[in-house]
Number of protein chains: 2
Amino acid sequence: MDRTFDAAGPDKARPGLSRELVVKSAVSFIDAHGAQKLTMRALGASLDVEAMALYRHVSGREDLLESVVAELLRGLEDDLDKQLSETWQGYLQTFAHHVRQIAVEHPLVFPLVATRHPAAPWLRPPLRSLSLVEGFLRALIDHGFSDSAAVHTYRIISSFLLGHLLLESVVRGAEVSSVEIPLDEGNAIVPEGDSGLDLSRFPVVMRLKGALSEDHSRREFEIGLEALIDRIEFFISQ
Amino acid sequence: MDRTFDAAGPDKARPGLSRELVVKSAVSFIDAHGAQKLTMRALGASLDVEAMALYRHVSGREDLLESVVAELLRGLEDDLDKQLSETWQGYLQTFAHHVRQIAVEHPLVFPLVATRHPAAPWLRPPLRSLSLVEGFLRALIDHGFSDSAAVHTYRIISSFLLGHLLLESVVRGAEVSSVEIPLDEGNAIVPEGDSGLDLSRFPVVMRLKGALSEDHSRREFEIGLEALIDRIEFFISQ
DNA sequence: ACCTGAACACCGTTCAAGT
DNA sequence: ACCTGAACACCGTTCAAGT
């Protein structure tokens, strides 16, 4: 809608900051370098601006990180709003897969979603925004859930998503951020798959290393989700 | 065993640092104030020592945090070693409850166990120490599990523990660290249970706030663990 | 109105110096 | 051998000053 290329002169190319731009840049920055490397000075530099300019749009680093989390969950809601589901099982499937998609796309941001303290103690990560939880509970109740069944479902799906998706994120995040080339040595050696760990004292682990390294996260997510839905089916039929 | 009160003179009361003392103090410090407040200078002060003295015993802050995680898992192994189990179901129950106990006792440390990158990509949080995983896999294999069943069980119990225990930790951690009195205002008002959130746009959440606030984490853990063991029983019987 | 420069308090970390 | 002091590079953040 609003002017995408500037109708104004040739060097109005920097349209000034905005809260939205700052937050979205922060998401991209974390995707690229991890949350630890996100400093006010570094983010400023990536926007061609001094660190202090950011303070006009966010109240500080904490506010920025909280906004990053909110930005991710907002994107999730936008996607979800377009979806209709005939059954609550279908709704839960769609919902869970969208959350997984967020985690897969932003493995270095997801730990923030997982571990930052929610705004209220009864909000549970990763579903930690009021409007997201409102939509989730209302959808289940619209599908005939009792209040307590809806709350119970919110609880156990939170644990499920947190467990599976944080696990994936931590592993993927390790891969991504270890591509962050050290440049220490002339990086001659070191490239063996296991990071030079001495496994001689752990024969079982050594024997099963191959099996342990296989990635079945997608399938485990699907199977676990099915099992979870079965448990909910049983719970509400009681 | 080793001299608990100093046989030496009256002011040998500071027996010097040691890696063990530094790491254990760090655990206590995080328990009390959270990982974010743990600075080398603050930990030094809590040991009546300059920050730089710590560098003789740990190689830096990263090494210290990694050692804090290892310390927690080591304590877990010590407890576990004494246990015998007639059945693998009993072993998994005992194991899971011990991990939960760690999380409950150290809610501000557990997020570190959950989110720090494991030493190898095939180690999964929260069971991210080699010797712990070695013991776990061997126990299952001794109970008749196939290699792949043991690995599969390691995977799904990792997700389960991570989801349930990090959720508990984040909530408990919020409670604990908000006791960290702000001292800003004469803290006159603010003490309403929900942190002054405006729920008027979220009628379902508002109606269910009471139900959402109830703590059933213990029971959900037990039920989820039973369901998990049932799934494993089914898996190995195939 | 929006961004900058300089400054402050506080980090992690190094290294020469003390005892 | 073990700890300290001083220093360096780098944080988040405040505030007066620029445009």
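Numbers restart at 1 for each chain; the letters A, B, ... are given by sequence-line order, proteins then strands.
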TODO: Using whole Å, report how far CD of A:E50 lies from P of C:dT4.
DONE: 5 Å
TODO: Check side-chain contact (heavy atoms from CB on, under 4.5 Å) between A:A139 and all other residues, then give those that pass, not counting sequence neighbours.
DONE: A:Y91
Task: Any residue meeting side-chain hydrogen bond (donor to acceptor under 3.5 Å, both in side chains) with A:E168, in chain and number order, not counting sequence neighbours - done: A:R100, A:R172, A:S217
- [ ] Rounded to the nearest angstrom, tell me the gap between atom CG in A:L54 and atom C1' in C:dA1.
- [x] 16 Å
- [ ] With sequence neighbours excluded, tell me which residues meet ring-ring contact (aromatic ring centres under 6.0 Å, His included) with A:Y154.
- [x] none
TODO: Could you tell me how the ring of A:H97 sits relative to the ring of A:F221: parallel (under 30°), tilted (30 to 60°) or perpendicular (over 60°)?
DONE: perpendicular
Nucleotide N/O of nucleotides 9-12 of chain C paired with protein N/O under 3.5 Å:
| residue | atom | partner | partner atom | Å |
| --- | --- | --- | --- | --- |
| C:dG12 | OP1 | B:M40 | N | 3.2 |
| C:dG12 | OP1 | B:R61 | NE | 3.4 |
| C:dG12 | OP2 | B:M40 | N | 2.9 |
| C:dG12 | N7 | B:R41 | NH1 | 2.3 |
| C:dG12 | O6 | B:R41 | NH2 | 3.1 |

Task: Interatomic distance, A:L43 CG vs D:dT13 C1' [rounded to whole Å] - done: 15 Å
Task: From C:dA6, D:dA7, D:dC3, nucleotide with atom closest to B:M52 side chain - done: D:dA7
Open item on the list: Going by the rule side-chain hydrogen bond (donor to acceptor under 3.5 Å, both in side chains), which residues pair with A:E62 if we only count those two or more places apart in sequence or in a different chain?
Closed with: A:R116
Open item on the list: If the condition is side-chain hydrogen bond (donor to acceptor under 3.5 Å, both in side chains), which residues does B:T115 pass it with, not counting sequence neighbours?
Closed with: none
Task: Runs of at least three Watson-Crick or G-U pairs with DNA chain D, cut-off 3.5 Å - done: C:4-8 with D:12-16, C:12-16 with D:4-8
- [ ] Apply side-chain contact (heavy atoms from CB on, under 4.5 Å) to A:R56 and list each qualifying residue two or more places apart in sequence or on a separate chain.
- [x] none
Open item on the list: Expressed as a whole number of angstroms, how long is the span from B:L47:CG to D:dC2:C1'?
Closed with: 15 Å
Task: Protein-nucleotide distance (A:R19, atom CZ; C:dC3, atom C1'), rounded to Å - done: 18 Å
Open item on the list: Which residues pass the side-chain hydrogen bond (donor to acceptor under 3.5 Å, both in side chains) test with B:H106, not counting sequence neighbours?
Closed with: B:D31
Task: Under 4.0 angstrom between A:H57 side-chain N/O and C:dC3 OP1 or OP2 - done: yes
